[in-house]
Amino acid sequence: MARVFVYGTLKKGQPNYKHMINTAKGLAKFQGRGRTAEKYPLVIAGKYNIPYMLNIPGTGHHVAGEIYSVDDQMLQFLDEFECCPDMYQRTLMRIEVVEWEGKGAAGEVRAAAAGVVECFVYSTATYPPEWVSLPYHDSYDSSGKHGLAYVLRESR
């Protein structure tokens, strides 16, 4: 099992969360909530209003999201879903645990007690330069006050 941090449309209550609970795509077990240990710019960009975490450590905000434990099948699905490595790149990042729900192995409990876990995160280093000038968010909600409605893939 691998640990993945999601900050956008794959979170609970967001448009693509259905994929996280579709066991035909693999297993994803919610572990808790967290935020990036370093600051990153989270922008909403493109004609489909997609949330992107730009891989510019030290700029922006500590981005809030959810921590999942996923199997190899789900990780492969997420790589395809996130168009990795073209649109997003999957990298390891340090995530501060805000609230831990995981009741798994002792290793998970120790990691949570330490307050920081390493997770795979889909961020991007391949973006148009003008995205750096977009507003930065610390949390993503598809129906947030930003007014930028996310367009589902099936509607594009």
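What's counted below: heavy atoms across the whole structure, side chains too, no hydrogens, waters or symmetry copies. Source: prediction; values computed, not measured.
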| query | So, for Pro41 and Ile56, which heavy atoms are closest and what is the spacing to 0.1 Å? | reply | CD-O, 3.5 Å

| remark: Here the gap from Asp71 atom CG to Lys25 atom NZ, rounded to the nearest 0.5 Å, amounts to 13.0 Å

| Cationic tip of Arg153 above Tyr48 ring, under 6.0 Å, 45° of axis | no

| task | Identify the heavy atoms of Lys11 and Tyr17 that sit nearest to each other, and give their distance. | result | O-CB, 3.1 Å

| said: If I compare all heavy atoms of Leu42 with all of Ser139, which pair ends up nearest, and what's the gap? | reply: CD2-C, 4.0 Å

| note | Here the gap from Tyr150 atom OH to Tyr140 atom OH, rounded to the nearest 0.5 Å, amounts to 7.5 Å

| task | To the nearest 0.5 angstrom, please state how far the CE atom of Met20 sits from the CZ atom of Phe77. | result | 9.0 Å

| task | Could you tell me whether Glu66 and Lys29 make a salt bridge, using a distance below 4.0 angstrom between a side-chain N and a carboxylate O? | result | no

| Atom CD of Glu82 and atom CG of Leu10: how far apart are they, to the nearest 0.5 Å? | 5.5 Å

| query | Asn22 and Met74: which non-hydrogen atoms are nearest, and at how many Å? | reply | O-CE, 4.2 Å

| said: Membership question, hydrophobic clusters at under 4.5 Å side-chain separation (ILVMFWY): are Met1 and Leu92 in the same one? | reply: no

| remark: Correct closest heavy-atom pair for Cys119 and Ile67 would be SG-CG2, 4.0 Å

| Are Val98 and Phe5 connected, step by step, through hydrophobic side chains (Ile, Leu, Val, Met, Phe, Trp, Tyr) whose heavy atoms are closer than 4.5 Å? | no

| How far apart are the closest heavy atoms of Tyr122 and Leu75, and which atoms are they? | OH-O, 3.7 Å

| field | Centroid-centroid distance, Phe30 to Tyr68, less than 6.0 Å | value | yes

| Would you say the side chain of Ser123 lies within less than 4.5 Å of the side chain of Thr91, judging by non-hydrogen atoms? | yes

| query | Does His137 have its ring centroid less than 6.0 Å away from the ring centroid of His146? | reply | yes

| Flag for Gln14-Thr9: side-chain donor and acceptor within less than 3.5 Å | no

| What's the spacing between His62 NE2 and Ile95 CD1 if we round to 0.5 Å? | 11.0 Å

| query | Would you call Thr124 and Leu54 a side-chain contact if the rule is heavy atoms closer than 4.5 Å? | reply | yes

| field | Residues, nucleotides or ligands: over 12 heavy atoms within 6.0 Å of Gln76 CD | value | no

| field | Phe81/Asn16 under side-chain contact (heavy atoms from CB on, under 4.5 Å): CA gap, chis, key distance, verdict | value | CA-CA 10 Å; Phe81 182 78; Asn16 290 315; 3.5 Å; yes

| Short side-chain to backbone donor-acceptor contact, Arg94 and Glu38, under 3.5 Å | no

| Neighbour count above 12 (heavy atom, 6.0 Å) for Lys47 NZ | no

| task | Look at the side chain of Asn49 and the backbone N and O of Ile44, then say whether any donor-acceptor pair between them is shorter than 3.5 Å. | result | no

| task | Carefully, step by step, assess Leu78 and Arg90 under the rule side-chain contact (heavy atoms from CB on, under 4.5 Å). | result | CA-CA 10 Å; Leu78 290 172; Arg90 175 167 45 98; over 6 Å; no

| request: Go through the steps to decide whether Arg3 and Val117 satisfy the test side-chain contact (heavy atoms from CB on, under 4.5 Å), and finish with yes or no. | output: CA-CA 9 Å; Arg3 213 174 259 147; Val117 294; 3.5 Å; yes

| Quick one: do the Asp79 and Tyr88 side chains pair a donor with an acceptor below 3.5 Å? | no

| query | Among Met53, Met93, Lys39, Arg35, which residue meets the side chain to side chain contact (heavy atoms under 4.5 Å, CB included) test with Val63? | reply | Met53

| field | Stepwise side chain to side chain donor-acceptor pair (under 3.5 Å) test for Tyr127 and Asn55 | value | CA-CA 10 Å; Tyr127 52 86; Asn55 197 343; over 6 Å; no

| request: If the plane angle is over 60° it's perpendicular, under 30° parallel, otherwise tilted; pick one for Tyr136 and His61. | output: perpendicular

| task | Start with the C-alpha distance between Trp100 and Arg33, add both sets of side-chain angles, then the distance that settles side-chain contact (heavy atoms from CB on, under 4.5 Å), and finish with yes or no. | result | CA-CA 7 Å; Trp100 196 249; Arg33 295 183 307 109; over 6 Å; no

| query | Is Leu27 linked to Ile21 within one hydrophobic cluster, defined over Ile, Leu, Val, Met, Phe, Trp and Tyr using a side-chain heavy-atom separation of less than 4.5 Å? | reply | no

| message | I'd like to know if the side chain of Thr126 pairs up with that of Gln89 as donor and acceptor (distance under 3.5 Å, no hydrogens or angles considered). | response | yes

| Ser142 OG to Ile50 CD1 distance, which is reported to the nearest 0.5 Å | 12.5 Å

